[in-house]
2 protein chains.
Amino acid sequence: MITSQTECDKVTRLPDHEPHSAFAPHDHRACEARVLDQARDRLAANGARLTPVRQRTLEILLESHRAMGAYEVLDRLAAEGFGRQPPVAYRALEFLVEHGLAHRLQRLNAFAACLHPGHDHAPAFLICRDCDMLAELPAAPVRDALTDLAAESGFQVERVTIEALGLCPACAGAARP
Amino acid sequence: MITSQTECDKVTRLPDHEPHSAFAPHDHRACEARVLDQARDRLAANGARLTPVRQRTLEILLESHRAMGAYEVLDRLAAEGFGRQPPVAYRALEFLVEHGLAHRLQRLNAFAACLHPGHDHAPAFLICRDCDMLAELPAAPVRDALTDLAAESGFQVERVTIEALGLCPACAGAARP
DNA sequence: CTTATTCATGTTACATGATAACAAGTCAAA
DNA sequence: TTTGACTTGTTATCATGTAACATGAATAAG
Ligand SMILES: [Zn+2]
Ligand SMILES: [Zn+2]
Ligand SMILES: [Zn+2]
Ligand SMILES: [Zn+2]
């Protein structure tokens, strides 16, 4: 494990790194390219290799702001000539998660590309129950509230999972016009 | 679905309902009996039936302050003469969750008895990575922090999962003497 | 350059988690 | 007492996740 739970969270104030929420309309090509670049930098810094399967896995995750199941990823990889057995996908996904390039969504048993891989972070997730879109949120305030509460009973928090299910702006608007 | 996300959270200030954290040493027999009683009351109020499988499932969950996998519960049920097929356990567990008598732990793919079933609530969970013990925490402050953050991007939060992994007081003490 | 070592990729086989669909039994209201 | 809702059980199948092992590629020593 290389990433740390300590989150930067300055990221939301740096337009270059986090220009908008995933929910806001945006140039997604640029979004993909930017993340891929940052990912490459980060791996180089860590001395880890972005091999073809790994890169392709990241690209597949990056195609949309949605979480994908491991088998969905595997089907894509297999169709492109990579191995067709589960460990192929799980290993690539695990690698990406370990290096902070993807997140695992516990509620969904699924994975999603990290949108600001330049920073170690443990974000909160907003998952739209209607369109499956996903956004990362700087979780520091939320996490701190939890860590404080836990400390009252002597519990030492190490890793936190914060996932919200609900309606994204678009779907909320469509439901109630 | 009968339970609501709206949490009472007054519960921690009512010694009768939440005398102590699950981590603190306590008379667990009394703990079990109290929860079982409250569960009965609640089901009666809802017009739902606590059938033998359901009661036994709840009792099994209540034996420890740990989360149990569905198949672990199933093995126990089967050994006591109930059905030995997965739906037997999943249905009982689903019933308990629907009526606010048990929680599902997303990180663990497991279930745990609710410790204060007298109130609708969506607590945060503290999970000890060493001894697997589990505690419920009133999550209102944490949840509110998240709901506010989400609102800034126009997202409407409906359900929230908050689970922390770390060390309980006992295990933290043992690790660093 | 060659060999040793590590890391990456692929496989098979299996373990664990979850649900669909159907049959039979139970219970209470009409 | 019959109806209809609910409960329990089954079989069968799907979904998710790993262990263990063999082969191949990249890197590091020698
Ligand atoms: Zn984008
Ligand atoms: Zn949506
Ligand atoms: Zn107890
Ligand atoms: Zn512990």
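Here is how names work: the chains are called A, B, and so on, in the same order as the sequence lines, proteins then strands, and each is numbered from 1. Note that the structure is predicted; figures quoted are calculated from it, not measured.
For A:Asn109, a side-chain nitrogen or oxygen approaches OP1 or OP2 of D:dG17 to under 4.0 Å. B:Arg104 has a side-chain polar atom (N or O) that falls below the 4.0 Å cut-off from OP1 or OP2 of C:dA18. Contact annotation: A:Tyr90 side-chain N/O to D:dG17 OP1/OP2 distance is under 4.0 Å. When the side-chain nitrogen and oxygen atoms of B:Arg54 are compared with OP1 and OP2 of D:dT8, one or more of them lie within a distance under 4.0 Å.
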Would you please test B:Glu59 and B:Glu63 for side-chain contact (heavy atoms from CB on, under 4.5 Å) and show each step? CA-CA 6 Å; B:Glu59 288 169 355; B:Glu63 286 173 5; 5.7 Å; no
Could you please spell out the steps behind the salt bridge (charged side-chain N to carboxylate O under 4.0 Å, His left out) verdict for B:Arg104 and B:Glu94? CA-CA 9 Å; B:Arg104 182 181 205 127; B:Glu94 183 188 33; over 6 Å; no
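In this structure, of C:dT11, D:dT8, C:dA18, it is C:dT11 that holds the atom nearest to the side chain of A:Val88. The side chain of B:Arg49 approaches C:dC27 more closely than any other nucleotide in the set D:dT10, C:dC27, C:dT11. Closest to the B:Pro87 side chain, of the nucleotides D:dG9, D:dT10, C:dA18, is D:dT10.
For the pair A:Asp75 CG and D:dT16 C1', the interatomic distance rounds to 13 Å; values are reported in whole Å. At whole-Å resolution of the value, CZ in B:Arg56 and P in D:dG9 are 14 Å apart. In this structure, CG of A:Leu74 is placed 13 Å from C1' of C:dT11, rounded to the nearest angstrom. Protein atom CD of A:Glu72 is 13 Å distant from nucleotide atom P of D:dG17, rounded to whole Å. Between the P atom of D:dT7 and the CD atom of B:Glu94 lies a distance of 11 Å, rounded to the nearest Å. Whole-Å rounding puts the A:Phe82 CZ to C:dA8 C1' distance at 12 Å. Atom pair B:Leu43:CG and D:dT7:P shows a separation of 11 Å (rounding to whole Å applied). If you measure from atom CD of A:Gln85 to atom P of C:dA15, you get 17 Å, rounded to the nearest angstrom.
Within 6.0 Å of CZ on B:Arg129 lie more than 12 heavy atoms contributed by other residues, nucleotides or ligands.
Distance alone, capped at 3.5 Å, places no donor-acceptor pair between the A:Gln156 side chain and the B:Pro169 backbone. The backbone N or O of A:Phe95 lies less than 3.5 Å from no partner atom in the side chain of A:Arg54, so there is not a single donor-acceptor pair.
Taking 3.5 Å as the limit, the base of C:dA15 and the side chain of B:Tyr71 contain no donor-acceptor pair of atoms between them.
Mapping A:Arg84 and B:Arg91 onto DNA chain C by nearest heavy atom places A:Arg84 at the nucleotide closer to the 5' end.
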